[in-house]
Colleague: 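Got a structure here, written out as structure tokens. Questions coming.
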Amino acid sequence: MKWFDNTALTLVILGAINWLLIGIFQFDLVSFLFGELSFLSRAVYTIIGLCGLYLISLYGRIKEM
């Protein structure tokens, strides 16, 4: 399960970098790479959002450590 945690964390970090680019430069990297609200860009946004929701479980697991 550790590989899934690392993958989810990596995708959420990439999503955060994308939001940083949007906030500072008004440049959406996902739309640039996959097209403006294309099926693929929507899938990327969905996967990153699901990874973010999954990582909420880290709060409980960190507390146990």
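Keep in mind the model is a prediction, meaning the values are calculated, not measured.
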Colleague: Run Leu50 and Thr46 through side chain to side chain contact (heavy atoms under 4.5 Å, CB included) and show every step you take.
Modeller: CA-CA 6 Å; Leu50 290 172; Thr46 301; 4.1 Å; yes
Colleague: After noting the C-alpha distance and the side-chain angles of Arg42 and Ser38, does the key distance pass the side-chain hydrogen bond (donor to acceptor under 3.5 Å, both in side chains) rule?
Modeller: CA-CA 6 Å; Arg42 290 179 62 199; Ser38 68; over 6 Å; no
Colleague: Would you find a donor on one side and an acceptor on the other, under 3.5 Å apart, between the side chain of Ser41 and the backbone of Gly35?
Modeller: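 Between the backbone of Gly35 and the side chain of Ser41 there is a qualifying donor-acceptor contact (under 3.5 Å).
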Colleague: With rounding to the nearest 0.5 angstrom, report the CD1 to CG distance, Ile13 to Leu20.
Modeller: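 Rounded to the nearest 0.5 Å, the CD1-CG separation comes to 13.0 Å.
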Colleague: When you group the ILVMFWY residues by side-chain heavy-atom contacts below 4.5 Å and let the links chain together, are Leu33 and Leu40 in the same group?
Modeller: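 The answer is yes; both residues are in one hydrophobic cluster.
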Colleague: Hey, do the aromatic rings of Phe4 and Tyr54 have their centres closer than 6.0 Å?
Modeller: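 Judged by ring-centre distance (under 6.0 Å), Phe4 and Tyr54 do meet the cut-off.
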Colleague: Give a yes or no on whether Tyr59 and Val12 share a hydrophobic cluster (residues Ile, Leu, Val, Met, Phe, Trp, Tyr; joining criterion: side-chain heavy atoms under 4.5 Å apart).
Modeller: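 In one cluster: no.
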Colleague: Out of curiosity, does Ile56 fall in the hydrophobic cluster containing Leu9 (side-chain heavy atoms, cut-off under 4.5 Å, transitive links)?
Modeller: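 Different clusters: Leu9 never reaches Ile56 through Ile, Leu, Val, Met, Phe, Trp or Tyr contacts under 4.5 Å.
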Colleague: Same cluster for Phe25 and Leu29 if Ile/Leu/Val/Met/Phe/Trp/Tyr side chains link at under 4.5 Å?
Modeller: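 Yes, Phe25 and Leu29 fall within the same hydrophobic cluster.
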Colleague: Could you check Leu58 against Leu55 for side chain to side chain contact (heavy atoms under 4.5 Å, CB included), going step by step and ending with a plain yes or no?
Modeller: CA-CA 5 Å; Leu58 278 179; Leu55 288 176; 3.6 Å; yes
Colleague: Any idea which heavy atoms bring Leu11 and Cys51 closest together, and the distance?
Modeller: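 In terms of heavy atoms, the two residues are closest at CD1-SG, 3.8 Å.
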Colleague: Within the 4.5 Å heavy-atom criterion, are Leu14 and Asn18 side-chain neighbours or not?
Modeller: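 The answer is no; the side chains never approach within 4.5 Å.
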Colleague: Side chain to side chain contact (heavy atoms under 4.5 Å, CB included) between Asp28 and Glu36: does it pass, once the steps are laid out?
Modeller: CA-CA 9 Å; Asp28 188 349; Glu36 192 74 28; 5.6 Å; no
Colleague: Go through it in stages, so that I can follow the logic: the residues are Val30 and Tyr45, the test is side chain to side chain contact (heavy atoms under 4.5 Å, CB included), and I'd like the CA-CA distance, side-chain angles, deciding distance and then a yes or no.
Modeller: CA-CA 8 Å; Val30 174; Tyr45 286 129; 3.6 Å; yes
Colleague: Surrounding CZ of Phe32 (heavy atoms of other residues, nucleotides or ligands, distance under 6.0 Å), is the total greater than 12?
Modeller: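 Count not over threshold, so no.
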Colleague: Would you indicate whether the side-chain heavy atoms of Arg61 and Asp5 approach each other to under 4.5 Å?
Modeller: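 Contact flag for Asp5/Arg61 side chains = yes.
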Colleague: Is it the case that one hydrophobic cluster holds both Ile22 and Ile24, taking links as side-chain heavy atoms less than 4.5 Å apart, direct or via other members?
Modeller: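 Shared cluster, no.
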